[in-house]
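Input: a single structure, listed below in structure tokens.
Note that the numbering runs from 1 along the sequence shown for the chain.
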Amino acid sequence: MDKQTKSNFILKGMLASFKEKESGQLFNRIVGVKFKNIRLDKNMTAEAVVQDNKKYFHSIYDLYKFEKGMKTDVAKMFALSKYYNYDINFFWQRFS
């Protein structure tokens, strides 16, 4: 199983769990996995993303922590949505 398929399964499970019981920590993990999926869909390396967003990510590990939901930050989320050209309104509609 490749990373993209595995990540999609993880995201679907998290969304189902979130619908049962809402949790801030789980929401952060969902945001991170979603942006990881976008990066994998666009076939971008973590190094390239960090290199182009040095203001928000100081190392690859910062990006990995964001994608794991450990250091989710709204500024990083907006920076990545702009970098990936992803409309986050869809994301807000799904969770509101």
Side-chain angles (χ1 to χ4, degrees):
M1 181 181 309
D2 64 340
K3 289 180 182 181
Q4 191 172 5
T5 305
K6 180 181 175 183
S7 187
N8 284 331
F9 283 136
I10 290 171
L11 184 61
K12 287 179 184 178
M14 287 178 168
L15 287 172
S17 180
F18 186 79
K19 287 180 182 177
E20 290 176 11
K21 184 179 178 187
E22 294 182 3
S23 165
Q25 184 179 13
L26 183 58
F27 182 73
N28 288 341
R29 292 188 69 199
I30 291 170
V31 169
V33 171
K34 180 61 181 173
F35 278 97
K36 181 179 182 179
N37 280 348
I38 295 168
R39 180 175 61 84
L40 293 174
D41 285 341
K42 295 187 179 272
N43 202 19
M44 302 177 95
T45 63
E47 292 87 4
V49 174
V50 170
Q51 192 74 301
D52 293 338
N53 293 290
K54 286 184 177 182
K55 184 176 180 181
Y56 299 101
F57 300 102
H58 303 292
S59 69
I60 296 170
Y61 300 110
D62 280 345
L63 179 62
Y64 288 155
K65 286 180 181 179
F66 177 83
E67 290 177 347
K68 290 251 186 212
M70 294 188 306
K71 289 185 89 177
T72 306
D73 187 356
V74 175
K76 291 177 182 178
M77 185 178 75
F78 280 116
L80 286 178
S81 67
K82 187 175 180 181
Y83 179 72
Y84 294 142
N85 198 17
Y86 178 73
D87 183 24
I88 59 171
N89 287 329
F90 168 75
F91 207 69
W92 294 128
Q93 292 170 355
R94 188 168 185 137
F95 288 103
S96 61

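A salt bridge (charged side-chain N to carboxylate O under 4.0 Å, His left out) check over residues 26-39, counting only residues at least two apart or in different chains, returns the pairs Arg39-Glu67. Sorted by first and then second residue, the side chain to side chain donor-acceptor pair (under 3.5 Å) pairs with a member in residues 44-65 read Gln51-Lys54, Asp52-Tyr83; sequence neighbours excluded. Here salt bridge (charged side-chain N to carboxylate O under 4.0 Å, His left out) pairs that include residues 2-14, with residues two or more places apart or in two chains, number zero.
Atom CZ of Phe27 is separated from atom CZ of Phe18 by 6.0 Å, given to the nearest 0.5 angstrom. Put simply, CG on Asn37 and CG on Leu11 are 5.5 Å apart, with the number rounded to the nearest 0.5 Å.
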Quiz: residues 71-81 side-chain donor-acceptor pairs under 3.5 angstrom, not counting sequence neighbours:
| residue | atom | partner | partner atom | Å |
| --- | --- | --- | --- | --- |
| Thr72 | OG1 | Asn28 | O | 3.4 |
| Asp73 | OD1 | Ala75 | N | 3.4 |
| Ser81 | OG | Met77 | O | 3.4 |
| Ser81 | OG | Phe78 | O | 2.8 |

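There is no path of hydrophobic side-chain contacts, each under 4.5 Å, that joins Leu40 to Phe35. In the hydrophobic cluster analysis, where Ile, Leu, Val, Met, Phe, Trp and Tyr join through side-chain heavy atoms closer than 4.5 angstrom, Tyr86 is grouped together with Leu15. Both Phe66 and Ile38 sit in one connected hydrophobic cluster of ILVMFWY residues. Membership requires side-chain heavy atoms under 4.5 Å apart, directly or through other members.
A search for side-chain contact (heavy atoms from CB on, under 4.5 Å) contacts involving Lys68 returns Met70, not counting sequence neighbours. Residues passing the side-chain hydrogen bond (donor to acceptor under 3.5 Å, both in side chains) test with Asn43, sequence neighbours excluded: none.
The two atoms that bring Val49 and Met44 nearest to each other are CG2-CB, 4.3 Å, heavy atoms only.
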